[in-house]
Amino acid sequence: MIDLRSDTVTRPSAGMLAAMTSAPVGDDVYGEDPTINRLEETVAGLLGHEAGLFTVSGSLANILGVRALVAPGSEVLCEASAHIARAELGAHAAVSGITTRTWSAPAGQIDLEQIRALISADLGRYFVSTAAVSVENTHNFGGGSIQHAYDALADELDARGLPLHLDGARLWNASVASGVPLASYASRATAASVCLSKGLGAPVGSVLVGSTELIREARVWRKRLGAGWRQAGVLAAAGLYALEHNVERLAEDHANARLIAEVLADAAPGSVKPDQVETNIVVADLAATGKSVPEVVEAARAAGVLVGGVGPTQLRLVTHLDASTDDCRTAAQSLARLLAA
């Protein structure tokens with residue numbers, strides 16, 4: 001099977017497994033795992049922040065990061081299809097007592113006019129106050145889009161004294177595709193998260209970065225939520241290996257995604273705009289094809305290709321290091337035949 005459901009489906013390489021089995025470890029709850037400490041310091045340095053915190057998932061990193069900026073009963077603003085609003089099972093409300101209001105924009109982009117209209121000052125005891133704005137870069141359900149008004153938003157929030165939360169699960173992709181250094185993105189945010197288990201190919205883990213004080217408080221909340229590590233340096237070693245070997249090669253995934261988009265656009269005109277595929281995610285709209293998402297997903301599976309549905313008419317394909325160019329071409333051609341039939 002050629003699995004393009006997500007870039008989370010990768011398996012550790014032989015080199016990564018070797019790094020994991022040879023990693024020095026200790027009890028991280030006591031702060032004594034040297035490999036975790038090195039990972040946290042490395043990622044914080046890459047992103048231009050003082051400290052980092054290794055977490056089991058991107059969702060947990062986001063929960064901790066948003067909570068650090070937004071008190072219970074206050075609100076965070078984000079785009080309507082953002083991961084924190086759509087794909088974290090209401091955790092920010094259920095766990096942290098935080099409300100959310102959203103703007104909606106094509107490809108999940110920042111819309112400064114809408115954000116300005118949404119921001120609420122402290123209007124008194126009967127009105128919720130905006131405590132932070134969250135931005136996802138790249139934007140998952142926006143088709144892996146890069147946020148092009150990011151600095152303008154950061155400037156706006158700085159002027160208002162509002163913090164920015166960056167969900168940078170695929171920030172590596174944004175940096176490689178745009179040429180913008182990681183720290184140029186992440187240092188504008190008060191709290192930022194990055195994922196190691198998506199395009200970088202580690203089996204598990206994300207890192208939250210911020211000030212020393214913010215990370216100290218997040219560490220307390222990580223433990224409070226039952227997510228303290230013990231000898232998890234074996235997992236941190238995978239992240240360190242990924243950072244050393246798998247960042248620059250993301251450009252290959254981006255090229256493969258464009259290849260897929262071009263094949264699908266030829267087979268089903270209007271379903272995909274290849275010039276809008278910026279990174280490793282292709283979202284195809286089947287509305288004009290007369291075919292349903294479940295129908296295509298099942299037919300693709302029968303043809304040896306795994307893809308996913310992310311909306312009533314939207315199909316998502318995600319390229320990654322375990323899907324070669326030949327794999328991606330084969331998968332695209334199989335899907336093209338299904339869409340054209």
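Count residues from 1 along the sequence.
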Charged N to carboxylate O below 4.0 Å: is that the case for [X] and [Y]?
| X | Y | value |
| --- | --- | --- |
| Glu41 | Arg38 | no |
| Lys273 | Asp275 | no |
| Arg170 | Asp253 | no |
| Asp322 | Arg11 | no |

- Message: How long is the straight-line distance from CG of Leu335 back to CG of Leu317, given to the nearest 0.5 Å?
- Response: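 CG of Leu335 is found 5.5 Å from CG of Leu317.
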Pair [X]-[Y], side-chain donor/acceptor within less than 3.5 Å:
| X | Y | result |
| --- | --- | --- |
| Thr130 | Arg160 | no |
| Asn173 | His254 | yes |
| Glu88 | His83 | yes |
| Asp285 | Thr313 | yes |

- Query: Around Arg224, counting heavy atoms of other residues, nucleotides and ligands shown, do more than 12 lie under 6.0 Å from its CZ?
  - Reply: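 Buried by this count: over 12 neighbours within 6.0 Å.
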Single-linkage hydrophobic cluster, 4.5 Å side-chain cutoff, [X] and [Y] together:
| X | Y | result |
| --- | --- | --- |
| Ile215 | Leu225 | yes |
| Leu214 | Val220 | no |
| Val297 | Val318 | no |
| Val66 | Trp221 | yes |
| Val282 | Val307 | yes |

- Stepwise side chain to side chain contact (heavy atoms under 4.5 Å, CB included) check, Ile146 with Tyr185: CA-CA 11 Å; Ile146 298 169; Tyr185 284 128; 3.7 Å; yes
- Just one of Thr138, Asp7, Thr319 clears the side-chain hydrogen bond (donor to acceptor under 3.5 Å, both in side chains) bar with Asn280, so which one?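 Filter result, single survivor: Asp7.
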- Set of residues satisfying side chain to side chain contact (heavy atoms under 4.5 Å, CB included) with respect to Glu298, sequence neighbours excluded: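 If we apply the side chain to side chain contact (heavy atoms under 4.5 Å, CB included) test to Glu298, skipping adjacent residues, the hits are Arg301.
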- Could you pull out all residues at least two apart from Ala107 that satisfy side chain to side chain contact (heavy atoms under 4.5 Å, CB included)?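 Here the qualifying residues are Gln109, Ser145.
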Any idea which heavy atoms bring [X] and [Y] closest together, and the distance?
| X | Y | answer |
| --- | --- | --- |
| Ala61 | Ser206 | CB-CB, 4.2 Å |
| Val293 | Gly311 | CG2-O, 3.8 Å |
| Asp27 | Val29 | OD1-N, 3.0 Å |
| Ala267 | Ala336 | CB-CB, 3.4 Å |

Counterpart residues, ring pair (Phe, Tyr, Trp, His ring centres under 6.0 Å), relative to [X] (two or more places apart):
| X | value |
| --- | --- |
| His148 | none |
| Tyr241 | His245 |
| Trp229 | Phe54 |

- Message: Using the side chain to side chain donor-acceptor pair (under 3.5 Å) criterion, which residues pair with Glu244? Sequence neighbours excluded.
- Response: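 Here no residue qualifies.
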Exam field: side chain [X] to backbone [Y], donor-acceptor pair closer than 3.5 Å:
| X | Y | value |
| --- | --- | --- |
| Asp28 | Asp33 | no |
| Gln114 | Ser104 | yes |
| Gln147 | Ile110 | yes |

- Item | Partner of Leu235 under side-chain contact (heavy atoms from CB on, under 4.5 Å), chosen from Leu196, Leu39, Val204 |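 Going through Leu196, Leu39, Val204 one by one, the side-chain contact (heavy atoms from CB on, under 4.5 Å) with Leu235 is satisfied by Val204 alone.
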- Task: Could you point out which residue of Ile84, Thr102, Leu77, Val70 forms a side-chain contact (heavy atoms from CB on, under 4.5 Å) with Ser134?
- Result: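 Exactly one pass, corresponding to Ile84.
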Are the side chains of [X] and [Y] in touch, meaning some heavy atoms are under 4.5 Å apart?
| X | Y | value |
| --- | --- | --- |
| Asp167 | Asn140 | no |
| Val76 | Leu69 | no |
| Thr21 | Val234 | no |

- Mark yes or no: Arg86 above the aromatic ring of Phe141, with NZ or CZ under 6.0 Å from the six-membered ring centre and no more than 45 degrees from the axis.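 Yes - Arg86 lies over the ring of Phe141, closer than 6.0 Å to its centre and within 45° of its axis.
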- Query: Taking it one step at a time, do Tyr150 and Leu166 satisfy side chain to side chain contact (heavy atoms under 4.5 Å, CB included)?
  - Reply: CA-CA 10 Å; Tyr150 183 80; Leu166 172 61; 3.6 Å; yes
- Decide yes or no on side chain to side chain contact (heavy atoms under 4.5 Å, CB included) for Leu4 and Ile260, but give the supporting numbers first. CA-CA 11 Å; Leu4 299 177; Ile260 290 172; 4.0 Å; yes
- Item | Verdict with supporting geometry, Ser6 and Lys198, side chain to side chain contact (heavy atoms under 4.5 Å, CB included) | CA-CA 8 Å; Ser6 176; Lys198 293 186 172 68; 5.8 Å; no
- How far apart are the C-alpha atoms of Asp327 and Ser324, what are their side-chain angles, what is the distance that settles it, and do they pass the side chain to side chain donor-acceptor pair (under 3.5 Å) test? CA-CA 5 Å; Asp327 289 336; Ser324 68; 3.2 Å; yes
